[in-house]
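Only one structure is covered here, and it is reproduced in the block below.
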Amino acid sequence: MDPKIKIENVVASTSFDQEIDLDKIYNDFEDAEYNQEKFPGVVYRLTEPKTAALIFSSGKLVCTGAKNVDDVEVAVDKVIKKLKGAGVDIKNKPKTVVQNIVASANLDHPLNLNQIAIGFGLENVEYEPEQFPGLVYRLEEPKVVLLLFGSGKIVCTGGRKPEDCEKGVKKVKQELEDLGLI
Amino acid sequence: RMRKWQKRVRVSNAMERNLAFALSELDRMCSQLKLPQSVREDSAVLYRQAIKENLIRGRSIEGVAASVIYASCRQRDVPRTLDEIAEVARVSRKEIGRTFRFISRELGFKLLPISPKDYIPRFCSELELSESVEKVAHEVINEAIEKGLVSGRGPTGVAASAIYISALKCGEKRTQREVAEIASVTEVTIRNRYKELAKELNIDLPL
DNA sequence: ACTTTACTTTGCAAAGC
DNA sequence: GCTTTAAAAAGTAAAGT
């Protein structure tokens, strides 16, 4: 059985292709954050789906925190309605592009990270327990980065599609089995 | 015309100045860290190698110097923590770590993950513990490795708790505070590791 | 001692320093 | 490189009870 993947976070971006007056947004959105010195974008949080949107004066938008790829659309639609309500006329709804997906999984078997580091090749992994408890393993295909923990839990990030994370976790699991480390 | 060699002389002077500065910094940091001569020599060799491979571009001399010291210590199995090196360097632990990863990859270092065992001699020495304590501590760590109690844990914390346990066993008790101080970890960490080891390795010790 | 909060690591886009 | 956002993993740390 292939290990189950749980999507924890989806980062996506889109562009309205029109300038947006951030000061106006900041004043009209009762719960928006905007500190020019700190960061060039307005931070707008949605409760449902629980996400955070970064709105820029160029009309570009970043949406983070979604637990599903579909929630990104829902969140972006809500932001668009909010913008329209504030008098910002968005002509046509642009396509959103998923930039990154973070997922977690569990191999249900403790891992000896030291042996894995040697088995995978010291030049292919980063394992510095002094700094971080996870072993960092980068895959070329799918192009994702996996964090392996002694508990057998895994974090997969860098994927653009849920399948990237599924394939990535499946691949490490297979490699661990081939090396007899699992 | 003469511009060409004048420029070369200028560049050459700059390079020599930078190298001289780097070598003096290596010496200063190694002295403050009381590192053995072998590590000092290795560090200088690695720094020159880094120059040959043009790895200094975009990086600070301090950062590269601190990184090669960190690498040399590990290569000689007498590791210093990034925090210990950051204390005598003029760059943050974060930058030293980042530069180390880069240098390590570019110069093809194949360093094994730090073993808690590598800290035993130094910590025991600083705590003035006998060699029998060292021997027992090594055994404790070997057992811990076999039982999977080392993956992901900080090597200094594991070493510190193993020493704490071994000192007790050998009747040369050191307080958690004394061990924590030497190992640069908190007493809480020693306690957590100690509890885990005592439980999993069936070590009967007073708490 | 216990709980809570927070920082370490990974990936990514955004505009600008 | 940095700044900000989100989220998980597990270890370590610090602050408040």
Side-chain angles (χ1 to χ4, degrees), chain A residues 5-16 20 22 33-46 49-67 71-72 75 96-107 111 113 126-139 142-160 164-165 168, chain B residues 58-60 63 81-83 92-95 97-99 101 150-158 160 180 183-193 195-196 207:
Chain A
I5 264 68
K6 183 186 177 192
I7 295 178
E8 307 283 357
N9 182 26
V10 177
V11 179
S13 64
T14 189
S15 177
F16 299 129
I20 293 180
L22 296 187
E33 293 174 30
Y34 186 34
N35 298 302
Q36 280 236 259
E37 288 71 41
K38 218 176 171 191
F39 190 68
V42 165
V43 180
Y44 180 60
R45 292 163 211 281
L46 290 182
K50 189 174 177 295
T51 53
L54 304 179
I55 307 167
F56 299 87
S57 58
S58 63
K60 293 196 174 179
L61 178 147
V62 171
C63 175
T64 65
K67 294 282 186 188
D71 277 353
V72 171
T96 58
V97 179
V98 174
Q99 303 287 357
N100 183 31
I101 292 179
V102 182
S104 62
N106 194 347
L107 296 177
L111 302 175
L113 302 181
E126 278 180 33
Y127 175 48
E128 298 290 331
E130 177 198 338
Q131 260 190 74
F132 187 68
L135 180 151
V136 183
Y137 187 45
R138 293 178 165 77
L139 283 186
K143 192 176 175 304
V144 295
V145 175
L146 296 131
L147 304 181
L148 309 184
F149 296 87
S151 64
K153 293 196 175 174
I154 298 177
V155 168
C156 178
T157 185
R160 303 213 164 222
D164 291 339
C165 296
Chain B
R59 264 158 281 273
S60 68
T81 64
L82 285 176
D83 282 322
S92 66
R93 194 220 71 227
K94 192 165 185 172
E95 193 187 326
R98 187 186 302 131
T99 306
R101 279 178 224 165
V150 170
S151 280
R153 280 93 169 168
T156 50
V158 175
S184 305
V185 294
T186 63
E187 294 168 71
V188 177
T189 294
I190 290 188
R191 213 168 291 133
N192 289 337
R193 295 293 130 251
K195 283 180 186 169
E196 189 173 51
L207 200 129

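All values derive from a computational prediction rather than experimental measurement. Side-chain atoms are counted along with the backbone in the values below, which use heavy atoms only and exclude waters and symmetry mates. Letters A, B, ... mirror the listed sequences (proteins, then strands); counts begin at 1.
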- For the pair B/Ser151 (side chain) and A/Leu111 (backbone), establish whether a donor and an acceptor sit closer than 3.5 Å, ignoring hydrogens and angles. yes
- Item | B/Arg153 CZ - D/dA10 C1' separation (whole Å) | 9 Å
- Task: Answer yes when A/Arg45 and A/Glu33 have at least one side-chain N-carboxylate O distance shorter than 4.0 Å, and no when they do not.
- Result: yes
- Message: Could you tell me how far apart A/Arg45 (CZ) and D/dT5 (P) are, to the nearest whole angstrom?
- Response: 6 Å
- From the options C/dA13, D/dT4, D/dA13, select the nucleotide whose nearest atom is closest to the side chain of A/Leu54. D/dT4
- Query: What distance, rounded to whole Å, do you find between the two P atoms, one in C/dC7 and one in D/dT3?
  - Reply: 12 Å
- Task: First locate atom NZ of A/Lys6, then atom CD1 of A/Ile154, and finally report the distance between them rounded to the nearest 0.5 Å.
- Result: 15.5 Å
- Which nucleotide in the set D/dT5, C/dA15, C/dA13 lies at the smallest distance from any side-chain heavy atom of A/Arg160? C/dA13
- Query: Nearest to the side chain of B/Arg93 - C/dA13, C/dA14, C/dT9?
  - Reply: C/dT9
- Query: Taking the side chain of A/Lys50 as its heavy atoms from C-beta onward, which of D/dA7, C/dA15, C/dG11 lies nearest to it?
  - Reply: D/dA7
- Query: A/Ile5 CD1 to C/dG11 P: how many Å, rounded?
  - Reply: 19 Å
- B/Arg153/B/Glu196 ion pair, N-O < 4.0 Å: yes
- Query: A/Lys60 side chain: which of C/dC12, D/dA8, C/dA14 is closest?
  - Reply: C/dA14
- If pairing means Watson-Crick or G-U wobble with both distances under 3.5 Å, then the partner of C/dG16 is D/dC2
- Query: How long is the line joining CG of A/Asn100 and C1' of C/dT9, in whole Å?
  - Reply: 14 Å
- Item | Main-chain N/O of A/Tyr137 paired with A/Tyr127 side-chain donor or acceptor, under 3.5 Å | no
- Query: Roughly how many Å is it from CZ in B/Arg101 to P in C/dT9, rounded to a whole number?
  - Reply: 6 Å
- Task: Answer yes or no: does a side-chain N or O of A/Lys38 lie under 4.0 Å from OP1 or OP2 of D/dT5?
- Result: no
- Touch check for B/Arg59, heavy atoms < 4.0 angstrom, all strands: base, sugar-phosphate only, or nothing? nothing
- Atom-pair distance (CD on A/Gln36; P on C/dC17), nearest Å: 11 Å
- Query: Out of C/dT9, C/dA14, D/dA9, which has the shortest distance to the side chain of A/Phe149?
  - Reply: D/dA9
- Task: Using a 4.0 Å heavy-atom cut-off across all strands, classify A/Val10 as base, sugar-phosphate, or nothing.
- Result: nothing
- Message: So A/Ser57, base contact, sugar-phosphate only, or nothing? Heavy-atom distance under 4.0 Å.
- Response: nothing
- side-chain N/O B/Thr186 vs D/dT12 OP1/OP2, d < 4.0 Å: no
- Nearest-nucleotide pick for A/Gln131, side chain only, options being C/dT8, D/dT5, D/dA9: C/dT8
- Message: D/dA9, OP1 or OP2 - any side-chain N/O from A/Ser104 closer than 4.0 Å?
- Response: no
- Message: Any base atoms under 4.0 Å from A/Gly41, or only sugar-phosphate, or nothing? Heavy atoms, all strands.
- Response: nothing
- Just call it for A/Val11: base, sugar-phosphate, or nothing, with non-hydrogen atoms closer than 4.0 Å on any strand. base
- Rounded to the nearest 0.5 Å, how far apart are CG of A/Asp164 and CD1 of A/Ile101? 7.0 Å
- Side chain of A/Lys67: nearest nucleotide among D/dA7, C/dT10, C/dA14? D/dA7
- Query: Quick one: B/Arg191 CZ to C/dC2 P, roughly how many Å, whole number?
  - Reply: 10 Å
- Query: Rounded to whole angstroms, how far apart are OH on A/Tyr44 and P on D/dA6?
  - Reply: 14 Å
- Query: When we call it a touch if two heavy atoms are under 4.0 Å apart, what does A/Gly134 touch: a base, just sugar-phosphate, or nothing?
  - Reply: nothing
- Could you check A/Ile101 against A/Ser58 and say which one's nearest nucleotide on DNA chain C is further toward the 5' end? A/Ile101
- Would you indicate, yes or no, if D/dG11 has its OP1 or OP2 atom less than 4.0 angstrom from a side-chain nitrogen or oxygen of B/Arg193? no
- Quantified in whole Å, what is the P atom distance between nucleotide D/dA8 and nucleotide C/dC2? 25 Å
- Task: Find the distance between OG1 (A/Thr14) and CD (A/Gln99) and round it off to the nearest 0.5 Å.
- Result: 10.0 Å
- Does A/Ile154 or B/Arg98 map to a spot on DNA chain D nearer the 5' end, using the closest nucleotide for each? B/Arg98
- Item | Minimum-distance nucleotide (side-chain atoms of A/Val102 versus D/dA7, D/dA9, D/dA6) | D/dA7
- CZ/B/Arg98 to CZ/B/Arg59 distance, rounded to the nearest 0.5 angstrom? 9.5 Å
- Item | Distance between P atoms of D/dA13 and C/dT9 (Å, rounded) | 15 Å
- Query: Paired with D/dA7: which nucleotide, if any, by Watson-Crick or G-U wobble criteria at under 3.5 Å for both distances?
  - Reply: none
- Residue B/Thr189, side-chain heavy atoms: nucleotide from D/dT12, D/dA7, D/dT3 that is nearest: D/dT12
